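Written out below as structure tokens is the structure these notes cover.
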Amino acid sequence: DVKVTQSSRYLVKRTGEKVFLECVQDMDHENMFWYRQDPGLGLRLIYFSYDVKMKEKGDIPEGYSVSREKKERFSLILESASTNQTSMYLCASTAAREQYFGPGTRLTVT
Amino acid sequence: RKEVEQDPGPFNVPEGATVAFNCTYSNSASQSFFWYRQDCRKEPKLLMSVYSSGNEDGRFTAQLNRASQYISLLIRDSKLSDSATYLCVVSTNTGGFKTIFGAGTRLFVKA
């Protein structure tokens with residue numbers, strides 16, 4: 001059974017703070033993704049990675065960076081959190097067609 | 001225009017009803033199509049893939065019309081447990097791998 005875990009379910013941070021969101025998958029998947037989900041906008045791709053140390057920008061990378069030092073772990077970094085980054089953040093991994101999602105992190109930036 | 005468009009709903013239907021969701025996509029080079037289900041405050045999970053010939057899984061039927069760039073999901077004999085948001089998902093693998101999620105259609109099934 002595929003398992004994707006995220007470091008926190010809920011997080012509250014202040015404007016300007018550096019924020020780390022961690023994602024770990026246990027199925028040896030090559031591809032990993034970070035999305036944010038906002039009402040009426042659906043899931044929007046921030047960054048993805050198809051291998052260790054490889055990363056590609058998604059549709060909305062501004063204000064974010066990522067790190068993939070190990071195959072199972074994909075981190076999303078908000079260098080200086082802003083209120084418009086308040087959202088649900090979902091990590092996913094895939095080997096082929098189906099994407100498996102983590103439970104999500106609801107981030108509030110005040 | 002959004003790359004994947006869905007009617008946001010909500011759809012409110014009684015138990016036992018048949019309900020249909022529609023989705024259109026703009027990229028004619030799209031190759032793979034899916035319906036995901038997302039329960040309230042949970043992550044999306046794959047419901048079914050969509051094939052050109054149409055496919056059925058119990059009470060759920062998915063259809064694809066490539067000429068019209070249109071995907072549908074039909075749910076027969078709705079159950080209370082079908083209440084969720086249904087996401088239309090389209091993938092391409094030309095010039096780079098890309099998956100686009102629709103914003104979702106919300107379904108409420110009532111007793």
Side-chain angles (χ1 to χ4, degrees), chain A residues 1-11 21 23-25 27 29-51 54-61 74 87-108, chain B residues 1-10 21-27 30-52 55 57 62 64 71 73 84-107:
Chain A
D1 201 23
V2 176
K3 197 158 180 74
V4 180
T5 56
Q6 295 183 227
S7 49
S8 306
R9 291 300 302 272
Y10 300 95
L11 211 51
L21 302 182
C23 175
V24 178
Q25 51 95 2
M27 284 303 293
H29 286 167
E30 310 265 310
N31 305 300
M32 296 187 74
F33 307 84
W34 274 106
Y35 296 91
R36 63 177 281 177
Q37 186 174 30
D38 300 288
L41 297 176
L43 277 82
R44 293 180 291 166
L45 182 64
I46 304 171
Y47 267 96
F48 66 100
S49 167
Y50 52 85
D51 204 351
M54 304 300 285
K55 59 186 178 185
E56 293 283 344
K57 291 180 180 179
D59 299 316
I60 51 163
F74 191 35
S87 187
M88 169 67 85
Y89 290 87
L90 288 157
C91 174
S93 73
T94 182
R97 289 160 62 87
E98 179 179 357
Q99 291 198 20
Y100 296 87
F101 285 86
T105 296
R106 186 165 292 280
L107 172 68
T108 301
Chain B
R1 184 188 169 191
K2 290 181 183 177
E3 291 186 72
V4 176
E5 293 209 62
Q6 296 182 249
D7 182 341
F21 303 135
N22 302 318
C23 170
T24 57
Y25 60 96
S26 61
N27 187 347
S30 298
Q31 299 168 312
S32 303
F33 309 90
F34 311 90
W35 284 101
Y36 277 68
R37 171 193 168 128
Q38 186 172 22
D39 293 301
C40 189
R41 299 186 186 279
K42 299 277 191 177
E43 70 273 22
K45 291 186 179 178
L46 180 67
L47 177 66
M48 59 197 302
S49 300
V50 187
Y51 303 113
S52 296
N55 47 299
D57 182 2
L64 167 64
I71 305 155
L73 177 69
T85 297
Y86 292 83
L87 306 174
C88 174
V89 183
V90 175
S91 291
T92 61
N93 198 13
T94 49
F97 174 85
K98 190 171 185 182
T99 297
I100 306 292
F101 286 76
T105 299
R106 198 113 188 249
L107 172 66

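Per chain, numbering begins at 1; letters A, B, ... match sequence-line order. Note that the structure is predicted; figures quoted are calculated from it, not measured.
Take B:Phe101 and apply the ring pair (Phe, Tyr, Trp, His ring centres under 6.0 Å) test, not counting sequence neighbours, and it matches A:Tyr35, A:Phe101, B:Tyr36. The salt bridge (Lys or Arg N to Asp or Glu O under 4.0 Å) search around A:Glu30 returns A:Lys71, not counting sequence neighbours.
In this structure, chain A has a heavy atom under 4.5 Å from the side chain of B:Gln38, while its backbone stays farther away. For a residue to count as touching a neighbouring chain, one of its non-hydrogen atoms must lie under 4.5 Å from one of that chain's; by this rule A:Asp59 touches chain B with the side chain only. For a residue to count as touching a neighbouring chain, one of its non-hydrogen atoms must lie under 4.5 Å from one of that chain's; by this rule B:Lys45 does not touch chain A. For a residue to count as touching a neighbouring chain, one of its non-hydrogen atoms must lie under 4.5 Å from one of that chain's; by this rule A:Leu45 does not touch chain B. Of the two parts of B:Pro8, neither the backbone nor the side chain holds a non-hydrogen atom closer than 4.5 Å to a non-hydrogen atom of chain A.
Separation of atoms NZ (B:Lys2) and CG (A:Leu41) is listed at 6.0 Å; rounding is to 0.5 Å. Separation of atoms CE (A:Met88) and CD (B:Glu43) is listed at 9.5 Å; rounding is to 0.5 Å. Here A:Phe33 contributes atom CZ and B:Thr99 contributes atom OG1; the two are 5.5 Å apart, rounded to the nearest 0.5 Å.
By number of non-hydrogen pairs under 4.5 angstrom with chain B, the leading residue of A:Arg106, A:Arg9, A:Gln37 is A:Gln37. Note on B:Gly104, B:Pro44, B:Ser49: by heavy-atom pairs under 4.5 Å with chain A, the leading option is B:Pro44.
Scanning both residues, B:Ala103 and A:Gly40, for their nearest heavy atoms gives CB-O, 3.7 Å.
Residue-environment remark: CZ (A:Arg44) exceeds the threshold of 12 foreign heavy atoms within 6.0 Å.
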